[in-house]
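Inspection log for the structure reproduced underneath, given as structure tokens.
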Amino acid sequence: MTLAPMTPLAAMPSPSTAVWQLGPVPIRAYALCIILGIVVACVVTEYRLRRRGVAPGAVLDIAVWAVPAGIIGARIYHVITSPEKYFGAGGEPIKALYIWEGGLGIWGAVAGGAVGAWLAARQLGIPFAVVADALAPGLPLAQAVGRLGNWFNNELYGGRTTLPWGLEVHVMDPDNPGHALRDDAGNPVLQPGLYHPTFLYEALWNIGVAALVLFLDRKLRLGRGRAFALYVMGYTAGRFWIELMRTDEANLILGVRLNVWTAALVFLGALAYFIRVRGPREYLVPVGEPAPVAGPAGDVSQVDLSAREAAARPVAPEGYRVVSEEQFDAYRETGVLPPEPDDEPARAESAADDAATGGTDGDDSANADRADGDDTDPERTDAERTNAGRADGGGRPADRDS
């Protein structure tokens with residue numbers, strides 16, 4: 001009896017080229033995927049920041065700090081955890097700066113990006129926890145897009161498999177980076193067999209993490225950085241088992257890949273934060289919001305339209321103040337800023353003093369008499385009498401905004 005060979009019926013192909021030349025400029029698929037992922041994260045974060053009260057465009061100011069810091073942190077983590085490639089026997093230290101050749105650690109990217117975002121948030125007057133929670137679903141989506149760069153590079157795959165989605169992997173040419181090695185007939189050379197596309201598993205997992213964060217954030221009204229902690233828990237839980245499937249070179253601790261240990265420790269830290277930290281979701285109202293600029297008077301022909309358009313553009317406030325969701329909703333409906341927290345105790349104390357003393361003597365007694373309808377004071381103006389009459393009649397005082 002002869003058994004049929006275990007030949008897969010389908011396979012997932014891999015690109016044989018990851019770099020294209022645009023004149024003298026190399027266009028790298030890995031870099032394009034990273035950039036596209038950053039754009040996705042910025043769009044999602046901008047939307048969520050606006051929903052929390054932050055002025056439009058703040059995410060660009062944050063990205064200017066967070067993106068470079070994230071790239072630097074990602075590269076530093078990679079070099080620290082794989083030093084033999086650059087400082088070991090036969091290593092080239094200068095290549096530690098060659099980011100375009102790959103080698104970015106997500107743990108360093110998150111840490112470095114967090115430092116950059118914290119610096120930007122301080123300058124903008126935005127609580128860092130608000131920025132982190134706004135970024136929580138956008139970051140895993142960015143990672144999912146970035147993982148497609150590993151597909152172009154024919155890297156970060158797992159062990160052999162016969163599954164229908166098994167991955168074909170090219171042998172990349174060391175003398176022509178970004179291109180597959182070719183045989184004498186000019187055909188790209190493939191590794192024998194098919195492999196688990198672990199980069200794809202991680203991309204799909206990250207999309208699921210983003211959906212989970214969005215769902216629980218809406219249901220539980222997460223705040224104080226707990227949405228970001230939820231993302232960290234979700235991502236590290238997936239990274240733990242996906243990392244165990246990978247077969248690329250990695251440093252080991254007690255026979256286990258370094259990133260497996262890192263994922264476990266970071267998960268525990270995020271879990272502890274999520275459990276211990278409590279509090280309502282933060283909403284922001286502006287501090288030092290610029291007053292609207294009045295248009296120039298005079299002949300219409302003398303109006304500077306470019307100046308008017310510039311004045312109409314939204315200007316970021318000096319900073320922000322945290323308020324409750326109810327206060328934020330009221331502010332958006334009426335445009336009236338809620339009272340400062342320090343003002344409320346002062347008003348309450350003043351009211352308590354008045355109640356305890358039965359009101360002040362002297363002028364207050366006279367004022368009370370006037371409120372009862374005494375309009376005989378010659379020093380009172382007609383407007384004051386009118387306001388008093390409206391207040392006596394149960395209407396709104398005339399000197400209040402209507």
Open item on the list: Can a donor-acceptor pair be found, under 3.5 Å and without considering hydrogens, that links the side chain of Glu46 to the backbone of Gly57?
Closed with: yes
Open item on the list: Would you compute the distance between atom CZ of Arg28 and atom CD1 of Ile35 and round it to the nearest 0.5 angstrom?
Closed with: 12.0 Å
Task: For the student: nearest non-hydrogen atoms of Pro317 and Val287, plus distance - done: CB-O, 3.7 Å
TODO: Would you indicate whether the side-chain heavy atoms of Pro338 and Val285 approach each other to under 4.5 Å?
DONE: yes
TODO: Determine yes or no for a side-chain-to-main-chain donor-acceptor pair under 3.5 angstrom, with Thr198 supplying the side chain and Leu156 the backbone.
DONE: yes
Open item on the list: Just checking Glu249: does its CD atom have more than 12 heavy atoms from other residues, nucleotides or ligands closer to it than 6.0 angstrom?
Closed with: no
Task: Option among Asn206, Leu230, Leu139 that satisfies the side chain to side chain contact (heavy atoms under 4.5 Å, CB included) test with Tyr235 - done: Asn206
Task: From Leu32 atom CG to Leu148 atom CG, the distance as rounded to the nearest 0.5 Å - done: 11.5 Å
Task: Residues Arg147, Trp151; criterion side-chain contact (heavy atoms from CB on, under 4.5 Å); working and verdict - done: CA-CA 7 Å; Arg147 280 303 178 203; Trp151 177 54; over 6 Å; no
Open item on the list: If you compare all heavy atoms of Leu135 against all heavy atoms of Ala41, which two are closest, and at what distance to 0.1 Å?
Closed with: CD1-CB, 4.4 Å
TODO: For Arg221, look at atom CZ and say whether over 12 heavy atoms of other residues, nucleotides or ligands are found less than 6.0 Å away.
DONE: yes
Open item on the list: Could you tell me if the side chain of Glu155 sits less than 4.5 Å from the side chain of Asn150, heavy atoms only?
Closed with: yes
- [ ] Check for a donor-acceptor pair, side chain of Thr236 on one end and backbone N or O of Met233 on the other, with a separation under 3.5 Å.
- [x] yes
- [ ] Work out which heavy atom in Val277 is nearest to a heavy atom in Arg224; give both atom names and the distance.
- [x] CG1-CB, 3.6 Å
Open item on the list: Main chain of Glu326, side chain of Tyr283: is a donor-acceptor contact present, judged purely on distance under 3.5 Å?
Closed with: no
Open item on the list: Can you tell me if Trp107 has over 12 outside heavy atoms packed within less than 6.0 Å of its CH2?
Closed with: yes
- [ ] Carefully, step by step, assess Val260 and Phe240 under the rule side-chain contact (heavy atoms from CB on, under 4.5 Å).
- [x] CA-CA 5 Å; Val260 174; Phe240 184 90; 3.4 Å; yes
Open item on the list: I want to check something: taking the side chain as every heavy atom from C-beta on, are Asn153 and Phe199 in contact at a cut-off of under 4.5 Å?
Closed with: no
TODO: Using modelled atom types only, decide if a donor and an acceptor are shared between the side chain of Asn154 and the backbone of Phe152 within a distance under 3.5 Å.
DONE: yes
Task: Main-chain N/O of Gly234 paired with Trp205 side-chain donor or acceptor, under 3.5 Å - done: yes
Open item on the list: Keeping Asp133 on the side-chain end and Phe228 on the backbone end, is there a donor-acceptor pair under 3.5 Å?
Closed with: yes
- [ ] Apply side-chain contact (heavy atoms from CB on, under 4.5 Å) to Leu167 and His196, showing your working.
- [x] CA-CA 6 Å; Leu167 180 71; His196 280 286; over 6 Å; no
TODO: State the CD1-CG distance between Ile207 and Leu212, to the nearest 0.5 angstrom.
DONE: 14.0 Å
Task: Spatial distance of atom OH (Tyr157) from atom CG (Asp248) [nearest 0.5 Å] - done: 8.0 Å
TODO: Taking all non-hydrogen atoms of both residues into account, name the closest pair between Tyr86 and Lys95 and its distance.
DONE: CE2-O, 3.5 Å
Open item on the list: Just verifying a value: how many Å separate Leu190 CG and Leu181 CG, rounded to the nearest 0.5 Å?
Closed with: 11.0 Å
Open item on the list: Please determine whether the number of non-hydrogen atoms from other residues, nucleotides or ligands lying under 6.0 Å from atom CD1 of Ile253 exceeds 12.
Closed with: yes
Task: Rounded distance (nearest 0.5 Å) linking atom CD of Gln143 with atom SG of Cys33 - done: 14.0 Å
- [ ] Measure the shortest side-chain to side-chain distance between Pro286 and Leu337 over non-hydrogen atoms and say whether it is less than 4.5 angstrom.
- [x] yes
- [ ] Kindly indicate whether the side chain of Val322, heavy atoms from C-beta on, has any atom under 4.5 Å from the side chain of Leu284.
- [x] yes
Task: Crowding at OH, Tyr47 (>12 non-hydrogen neighbours, <6.0 Å) - done: no
Open item on the list: Treating Arg239 as the side-chain partner and Thr262 as the backbone partner, does any N or O pair qualify as donor plus acceptor under 3.5 Å?
Closed with: no
Task: Arg276 atom CZ: more than 12 heavy-atom contacts under 6.0 Å - done: no
Task: Identified side chain to side chain contact (heavy atoms under 4.5 Å, CB included) counterpart of Pro188 within the set Glu168, Arg182, His179 - done: Arg182
Task: Asp217 with Arg281: basic N within carboxylate O range, under 4.0 Å - done: yes
TODO: Show your working on side-chain contact (heavy atoms from CB on, under 4.5 Å) between Glu282 and Arg52 and close with a plain yes or no.
DONE: CA-CA 7 Å; Glu282 307 96 325; Arg52 302 283 286 272; 3.3 Å; yes
Open item on the list: Would you say that Gln123 contacts Asp61 through its side chain, given a criterion of any heavy-atom pair below 4.5 Å between the two side chains?
Closed with: no
Open item on the list: Minimum heavy-atom separation for Arg50 and Pro56, please, with both atom names.
Closed with: NH2-CB, 3.3 Å
- [ ] Looking only at non-hydrogen atoms, find the nearest pair between Gly158 and Thr247 and report the distance.
- [x] O-OG1, 3.4 Å
Task: Test item: Arg48 and Val59 side chains (from C-beta on) under 4.5 Å apart, heavy atoms - done: no
